[in-house]
Every structure is written in C-alpha cells, then in structure tokens.
Amino acid sequence: MTEATLAHPARLPSEIAPAIHYHVAMPQPESHLFEVTLHLKDWQLPLLDLKMPVWTPGSYLVREYAKHIQDFSAQAGEESLPWRKLSKNHWQIEFATDKTITVRYRVFAHELSVRTNHLDSTHGYFNGAALFFRIPGCEKQSIQVTIVPPQPKWQITTPLAALPEQPNTFQALDFDTLVDSFFEIGCHELHRFEVLDKSHELAIWGKGNANPVRIIADIEKIIQVEAQMFGGLPYDRYVFLLHLSTQGNGGLEHKYACSLNYSRFGFRAQDKYERFMQLVAHEFFHLWNVKRIRPKALEVFDYDQENYTPSLWFSEGTTSYYDLVIPLRAGIYDVKSFLNNLGKEITRLQTTPGRQVQPLSESSFDAWIKLYRPDANSGNSQISYYLKGEVVSLLLDLLIRRHRNGRSLDDVMLKMWQEFGQAEIGFTPEQLQEVIESVAGINLDDFFKRYVDGTEELPFNDYLEPFGLQLVSEEEEPVPCLGVRATTENGRELIKFVEAGTPASAAGIDAGDELLAIDDIRVTAQQLSDRLKDYQPGDTIQVTVFHQDELRTYPVTLVASQPSRYQVIPVEQPSPTQQQNFAGWLGVPLSNL
Ligand SMILES: [Zn+2]
C-alpha cells in the first residue's frame, strides 16, 4: 500500500471542477487527534493525488506537517480504494468508476504554536496548511469545511466566511485561502468591535491577566494609525486570536487575521505589555507587508518545498521597524520608551558577531536552513533578517527624511502597496530598490552593496546626528572578556555559546560544556560576570569544565571587553535644524527627552 510505484501524479484537465468538502471532528480531544474526512464529488480521473503542504506561509521552515498524519484510508461508497505514497507528503489513490470519493485520516495535534495544531480537552486549534491536502490542479476550486465540535458549547472562530443555512460550515475561495486560515474551536472569550466601520474580533483562549478592554482600546489605536498609513483597510472583517500560554511569544500573520501567542501573565508589567502591543502592531502590519506586498518568490506559493527570496529583510525587518514606531504614533508608549527599545535592538545587533559574516540578503535567502534552525555556531555566523532588517529600515527612514523633507519610509510603504500590494504582484529585489530610490531621490547602489548585500558596520551616528541623536556605548563596570554565555539548566551550569575569536574559543572551551569552576572555586552562570570583574584584562584564569563528561581545566587569558550595551541619546546642544528633524520624525520636541 505504501510502495512508491507511480512516479508521476495524474494531471487534471482544466474543465474538471470537483466539489471539495472537508469535515473536521474531534470526538476525543484529549487524544490530540483531529479526525478529518474529505468528501470529493464529480472526480473524473482514474487517480487522485493528495499533497500535504510541507510549510506554511509566514514561517520559513519546512515543518513536514505530513508526519502527523495516521490512519489514512479511501473509499468509494462501501468499497475501499487502493492507495500508495509517492513521497513524504504525497498520497495517491486509485479510482474506479464511481465519481464520489471519501478520504479519512487523523492528524495528531500536540504542538501549541501559532503555526502548528493543538487539540486537548480545552480547545482545538489548527492551521489550514497543517491539516488539509492540496489536490494538484484544483487549487483554484472553492473548499467547504464543516467543523464537528465535541460539545455543543464549543464555539468556532475562523477568518473564513460562514455559510448561511449550513451549521458550522465555512467556505474558502481557494486553497491559498484555506491555508491562510486558522480555526479556534472551544470556550474562548470572543469580543467584537468596530474600527473605521469594519468588523473586528478578539478571541482569547487560556487563563491569565489579559485585560480585553485595555487591549481592544489599544488595538483600535494601532488599526487607526496603520490604516492611515496605507489609506484605509483592505478588508471587511479581521480576527485577532490570542492564545495565553506559559512562555508564549509569537505571532503568525494572515490576510484577514492574525494568531498571537503570548505569556499568560505578560499584561501587567508595562514593558511586557508594550512588547505585546508591538507584537499586535507587527502582525497587523503584515496584512499589507508580506500578505499582499509580497516578494516575487512568494507571489505564488509552492507548498512542496522552500520558497527562496533575498527580500525577507523588507517583509520582516521593515515590519519590525514599524512595530517599534507604530505604538509610539498610537500613543501607547512615549518617545523615551521608543528610544530605549531602539537602543536594545541596536545592542542585540552589535553584540552578535555573525553580523560581520552573513549579509542581510543572504540571511533572508537562507532563512529555511539557518534562522529557524539555530545551533552552536549561529551567533558567530548569522544575523537575523528581522533584527538587521529593522535597523537598516531605520537608516533608510532617516536617509529619506534627511534628503526629502516631508517624505519618509511611509511613502515607500504606500508606493509598494499601490504598485504591488493592491494587485498582489510580487516585487523583485531590484523593484524594491527602485521604489526606495524614487522616494529618497538618490541612487542607493552603494547603500545596498554595503548594508544589504554586504556586512559593513552600520554607521549609526552619521544617520542619527542630523536628528539630534547619537549612539553611545554604556558600560556600568567593565567585565574582562572570556567569550562565553552560560545558563543554568536542570541544576547544571551550561555553556550555551562561545564567541569566535575570544579567549574561551582559543582555549578550546565548547558550547555544551558544563561550567564548574574558575580558579578552583565553583561558579554558576549567574555569578560568572560578577566573578570576572575581580580580574583585569591580561590576567590568566583557570576555567574548569566537563567537556563531553571529561574533566578539563583550561588556562585562559582574559582580554578587554567589547561594549555590551548601547543607548540612543540626544546630542549636546542640538541645532534648530536637528530639533526640527527630530520633531518631524517622532512627532514631539527633542526637549521632551
Ligand atoms: Zn513578522
């Protein structure tokens, strides 16, 4: 049954238009198994190919959703149909004379993240890509989905439109729309609100200290600011789904919704609440940037393999820059918090040695094998396209504002929306650069060569100074550099990262080593930095570790440390022009700092 005997899937004539209807039941939610039935009518070929996507748009990693499928079977009436597997995600069914076919399978759902499936006694959550088969050739067909909740009180929230007259049944216009839709089924809170005459919903699953009244008030402000940027809202209804979990922090954008996962008690402390609103601003911004304004490689999704693009720095990084700016414009935090957050982001970039190894465009291209698959060498060899893309977007915004009074990166976003997003035409890297250049009014070959396709250090102060700001490094008390980062895990002190080119790396200390002692006295991860302050650069210390269970002591000569913290602060005595530029950018006088 599972032998790969046929090499080529059946090809579907364009005039065939089968009716596709999925039923999703979950009679025993505690088993974590969704029971899926596909009913297909008017099928007219001797073979039926079914392919499970290997990834979902918005999360650039092959996740092998097919691995969760079990108990696959196919029937025509009462008769079982033979089937075989042709590849990891490809099932093929042989079909006789009947034109109606029923396929049954179960999907194990035990991973609570925005991009996977989760089913337990409290709720069911799934993503289209991780539950439904694609029928090659039928991607443009509409698809109906009927949900069978295990209890009548479980309600269903999805961005898909409900079909009137058919209970618990929803319709996707095509397979892309089905993939782009999640379902939340359970006893979640559901809040409805209107902004700019458009319907919005906030669904919250899980217990915690989220205050929906406050959250909705702030979401409304974010929607208003972003709608103003893009000249309106390109939808009639939008759904925010929030999962409250123990250590959650993630989001997945959709065209008509977003899925958010956040720490259940992350809403009282101001800094955590601000981070949550940044997450909301980020995922909502994506409804334009990446869901509709798409790189060429993502214009038509290939669900069978990686979709490579060098432009995720714009899709994700520029979105990250705006998730910093938009809460400021919305009045959710003030300019001090904004600059404080900006300083933290620049600190993360400048303390990642991989920024000098991997160009931004390459980081984007290799997302599939690198950013989502970190290892012991990631910090030394990679830079996140979110992080560097965010900071490069800051520089571009400042560059445009300096060269073209009254214009900004906002005009780039609007132009990208008008030229590519509205019609959903994919943009090439060259077209993106052309749009930025047309707004900036200058040639940017040199900028892109150095900072997007190259690894040159970003000249922050050249860009900040015209706005009355400067980047300074701050060290409370210098710590001589050993070159490791350590954490405590299950009572053991583990070295998680060894920076290339540092004394630790030269001595042979390795990521994964268990840290035991410095100069024969036990040291913990938490004490490490403090203990090093008792030494001077040039001192040699004895570092004792377990390396693959062998006890080793290494002599290590410490060196002077690199800055570990940066801040963006005002210059002394800003000129009237600097003050004017600052107010034009951030909307308040520089004297507010
Ligand atoms: Zn994003």
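Counting starts at 1 for both ligands and their atoms, in listed order.
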Subject >> Apex the Zn ion (ligand 1) - arms OE1 from Glu316 and NE2 from His282 - angle rounded to 10° >> reply: 100°

**OP:** For the Zn ion (ligand 1), find the closest N/O/S atom belonging to His286 and write down its atom name.
**Re:** NE2

Subject >> Polar side-chain atom of Thr158 near backbone of Leu160 as donor-acceptor pair, under 3.5 Å >> reply: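 Looks like yes, one N/O pair under 3.5 Å.
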
Original post:
Parallel, tilted or perpendicular for Trp55 and Tyr303, by the 30°/60° rule?
Top reply: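 Correct class here is tilted.
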
Original post:
In chain order, what residues pass the ring pair (Phe, Tyr, Trp, His ring centres under 6.0 Å) check against Phe460, with sequence neighbours excluded?
Top reply: none

**OP:** Could I get the full list of ring pair (Phe, Tyr, Trp, His ring centres under 6.0 Å) partners for His403, not counting sequence neighbours?
**Re:**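 Partners of His403 by the ring pair (Phe, Tyr, Trp, His ring centres under 6.0 Å) criterion come out as none, since no residue qualifies.
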
Original post:
Does Glu283 bring an N, O or S atom to within less than 2.8 Å of the Zn ion (ligand 1)?
Top reply: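 No, since none of the N, O or S atoms of Glu283 sits under 2.8 Å from the Zn ion (ligand 1).
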
